[in-house]
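Values in this document were obtained by computation on a predicted structure and should not be read as measured data.
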Amino acid sequence: MTIIYRILLAIVLLLTIWNLFEEDDIRKQINNSLVIIPLLLRVLMIK
């Protein structure tokens with residue numbers, strides 16, 4: 001179950017990072033970066 005959870009998180013993380021580089025509006029880029037931080041910590045299993 002943990003492996004499936006981490007795979008799903010990694011997919012969402014990659015899509016969010018992709019969206020970060022595709023976005024032109026700086027506010028949306030900042031918002032994406034704020035979402036990336038907890039997702040990255042969850043994928044790495046860091047609380």
Side-chain angles (χ1 to χ4, degrees):
M1 192 67 173
T2 305
I3 295 171
I4 296 171
Y5 174 70
R6 290 177 79 178
I7 290 171
L8 288 173
L9 277 175
I11 291 170
V12 172
L13 178 63
L14 289 174
L15 290 173
T16 307
I17 291 171
W18 180 36
N19 191 20
L20 174 70
F21 291 114
E22 291 292 320
E23 191 60 52
D24 292 332
D25 186 18
I26 189 71
R27 291 180 185 156
K28 291 183 180 179
Q29 287 179 345
I30 292 170
N31 191 17
N32 279 338
S33 63
L34 290 175
V35 170
I36 288 172
I37 294 169
L39 287 175
L40 183 62
L41 292 175
R42 294 258 183 200
V43 168
L44 298 174
M45 293 296 199
I46 301 172
K47 290 187 178 183

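- Once rounded to the nearest 0.5 Å, the distance linking CG of L9 with CD1 of I4 reads 12.0 Å.
- In the hydrophobic clustering of this structure, L20 does not group with W18; members are Ile, Leu, Val, Met, Phe, Trp, Tyr whose side-chain heavy atoms approach within less than 4.5 Å, directly or through other members.
- Closest of all the heavy-atom pairs between R6 and V43 is NH2-O, 2.9 Å.
- Note on F21 and V12: same hydrophobic cluster, where clusters join Ile, Leu, Val, Met, Phe, Trp and Tyr whose side-chain heavy atoms are under 4.5 Å apart, directly or indirectly.
- Side-chain heavy atoms closer than 4.5 Å link hydrophobic residues (I, L, V, M, F, W, Y) into clusters, and following such links, even through other members, never connects I30 to I36.
- Under the 4.5 Å side-chain heavy-atom criterion for Ile, Leu, Val, Met, Phe, Trp and Tyr, Y5 and V35 are members of the same hydrophobic cluster.
- No more than 12 heavy atoms of other residues, nucleotides or ligands sit less than 6.0 Å from atom CD1 of I3.
- L39 CG to I11 CD1: the interatomic distance, rounded to the nearest 0.5 Å, is 12.5 Å.
- Here CG of L40 is found 11.0 Å from OG1 of T16. Values are rounded to the nearest 0.5 Å.
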Could you walk me through whether N31 and E23 pass side chain to side chain contact (heavy atoms under 4.5 Å, CB included), step by step?
-> CA-CA 11 Å; N31 191 17; E23 191 60 52; over 6 Å; no
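- Hydrophobic clustering (side-chain heavy atoms under 4.5 Å, transitive across Ile, Leu, Val, Met, Phe, Trp, Tyr) groups I37 together with L44.
- Rounded to the nearest 0.5 Å, atoms NZ (K28) and CG (N19) are 8.5 Å apart.
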